[in-house]
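Beneath this line is the structure, given in structure tokens, with notes to follow.
Values reported hereafter were calculated over all heavy atoms of this structure, with side chains retained and with hydrogens, waters and symmetry mates removed. Residue numbers begin at 1 in each chain, while the letters A, B, ... track the order of the sequences.
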Amino acid sequence: MSQFGIEDFPEILQRAQRGDEAAFRVIYRTYHPGLLRFLRSRLGADAEDVAAEVWVSVTKGLSKFVGDEIDFRAWIFATGRRRMIDLYRRRAVRPQIAQEADVQELSGIAPSEQLEIDEAVAALVEGLTEEQAEIVLLRVLGGFSAKEVGDLLGKSEASIRVTQHRALAKLAEHLKDKA
Amino acid sequence: MDPDEFENILNGDSDTASETHLARLIRTAQAPATTHELAAEDLAVAAFRRSVVLGSAQRRRVFSRLTPLKVAAAAAAFVVVGGGFTAALTHAFARSGATTRPSVSPATQPKTQPNSPRPQIAPSKENNGPAGQQVPSASEQPTNVASGQNKSKKNSKGKHNGQGKGMLVTPGQVGSAMPTSYHGLCLSYSKALTDLQGASAPTTRASKLQTSKQFLQLAESALNRGMTVPEFCSMILGTKVPNPSVPGFGLNSSASTGDGNGSGSSSKTGGQPTGARPGPSGSGNNGGGGGIVSAGVPAKLP
């Protein structure tokens with residue numbers, strides 16, 4: 001879990017709430033990559049814009065935030081999900097899982113390591129349903145437990161576990177076939 | 001693959017060969033941030049900086065918006081508390097004045113009760129002398145006015161000098177400055193006059209009233225203001241008090257030329273000054289007038 005959170009989160013949050021830019025940079029560098037990868041896999045090219053909107057919302061509400069590190073992470077991803085759903089409605093399109101072909105488009109002139117990450121994320125949700133993909137991504141990229149994912153999506157922990165199990169089994173089969 | 005193994009993979013704890021590929025994918029997806037991903041960091045920090053500045057400015061605005069409200073609330077509280085205190089004080093003074101006044105003689109009252117709301121009358125010779133001119137009784141006997149200094153009746157044409165000179169209280173100040181005991185006296189006086197209008201003989205109430213010390217004091221105050229008692233009481237009560245000098249009043253059929261402020265001369269009717277109300281002594285005289293009032297000053301009943 002340490003790769004998702006900040007060890008001295010309360011202090012960093014407090015400093016950021018007082019207007020410390022360095023503390024805000026720590027928060028941004030910690031949570032932005034996972035959020036951006038999550039949004040990229042769901043939205044494609046619009047992910048950057050939606051992520052920027054999320055951070056604008058975070059900066060506005062940061063001073064009033066009360067909670068621990070998990071709450072903060074959940075707040076960021078929940079905001080991202082809401083923005084994503086808003087974009088779906090605006091575009092009147094259904095969410096689509098990024099295909100392998102889109103990875104090149106997403107990465108643009110990204111370095112090879114970025115390309116590798118984008119490919120890995122795309123492979124993680126390949127062949128999964130929308131619900132399965134979201135659960136897997138929230139668990140992998142967001143670092144949430146099954147219960148926390150259930151809280152985010154408004155489902156029970158057991159339901160999340162079942163869906164997640166089916167998704168990973170399907171993914172394992174798919175990877176075996178590829179291998 | 002059981003759920004626990006999947007949990008281990010998701011948590012990065014799996015090292016079995018079968019999960020290697022999936023685990024590798026997950027680890028790759030969870031890789032640290034790249035420079036490409038953090039390209040927009042400065043934009044986010046700029047947004048953060050702006051929100052901090054805006055937030056502090058907003059707080060200042062909210063504070064400055066609240067300041068007038070706070071001032072207004074403080075002022076309102078001050079007014080309410082101060083008003084209540086003043087009202088309580090005024091009420092206390094009015095009560096003390098009403099209760100203590102009857103026991104104090106008019107002569108000593110201004111000295112003994114300097115804080116009393118009773119109208120203070122500056123001493124002047126003119127106030128004392130001619131006051132008696134307004135109170136000649138029908139029987140040509142000196143009336144027992146409160147001043148007690150009206151011995152001469154020859155100045156029937158003399159100016160009444162008590163009209164407002166030296167008075168500290170103007171008619172507009174009646175409500176706040178007049179002794180509350182005057183109010184009751186005037187009420188009684190008005191009732192007595194009303195009774196007399198329909199009575200053929202002076203009532204006991206009227207007799208008692210006009211012989212009382214307080215009523216004499218009231219009459220003196222009226223005289224000092226150059227008014228008749230009815231006018232004076234009308235001013236205090238805010239309603240018109242029947243004037244016995246008006247023709248048609250039950251007991252008085254004689255005309256009155258008294259203008260109430262003492263400035264006019266008294267004309268004689270039948271050898272009697274008409275500036276005074278008929279009020280002859282003796283009940284049953286002239287229709288039983290009883291002489292409750294004469295030109296604003298009570299004439300003593302026999």
Exercise. Using a strict 4.0 Å threshold on nitrogen-to-oxygen distance, state whether B/E37 and A/R37 make a salt bridge.
Key: yes
Exercise. Verify the neighbour count for atom NZ of A/K170: are there more than 12 heavy atoms of other residues, nucleotides or ligands below 6.0 Å?
Key: yes
Exercise. In sequence, state the C-alpha distance, the side-chain angles, and the governing distance for A/Q132 and A/T163, and then conclude on side-chain hydrogen bond (donor to acceptor under 3.5 Å, both in side chains).
Key: CA-CA 6 Å; A/Q132 288 173 338; A/T163 306; over 6 Å; no
Quiz item: Measuring heavy-atom distances to chain B, does A/L137 have an atom under 4.5 Å in its side chain, in its backbone, in both, or in neither?
Solution: neither
Quiz item: Checking heavy atoms, do the side chain of A/L36, its backbone, both or neither come under 4.5 Å from chain B?
Solution: side chain
Practice problem: Select all residues of residues 13-22 of chain A having any heavy atom within less than 4.5 Å of some heavy atom of chain B, and report them by number, or 'none'. | Solution: A/A16, A/G19, A/D20, A/E21
Quiz item: If you measure from the Lys or Arg side-chain nitrogens to the Asp or Glu carboxylate oxygens, is any gap between A/R81 and A/E134 under 4.0 Å?
Solution: yes
Self-check item: Nearest non-hydrogen partners of A/G142 and A/F77, listed with the distance
Solution: CA-CZ, 3.6 Å
Quiz prompt | Proximal component of A/R161, with respect to chain B [non-hydrogen, under 4.5 Å] | solution = side chain
Quiz item: How are the rings of A/F65 and A/F72 set relative to one another: parallel (under 30°), tilted (30 to 60°) or perpendicular (over 60°)?
Solution: perpendicular
Quiz prompt | For chain B, the option from A/V121, A/L62, A/L124 that forms the most heavy-atom pairs under 4.5 Å | solution = A/L124
Practice problem: Identify whether the distance between the nearest side-chain nitrogen and carboxylate oxygen of A/R90 and A/D86 falls below 4.0 Å. | Solution: no
Self-check item: Which atoms of A/R25 approach chain B - backbone, side chain, both or neither, heavy atom under 4.5 Å
Solution: both
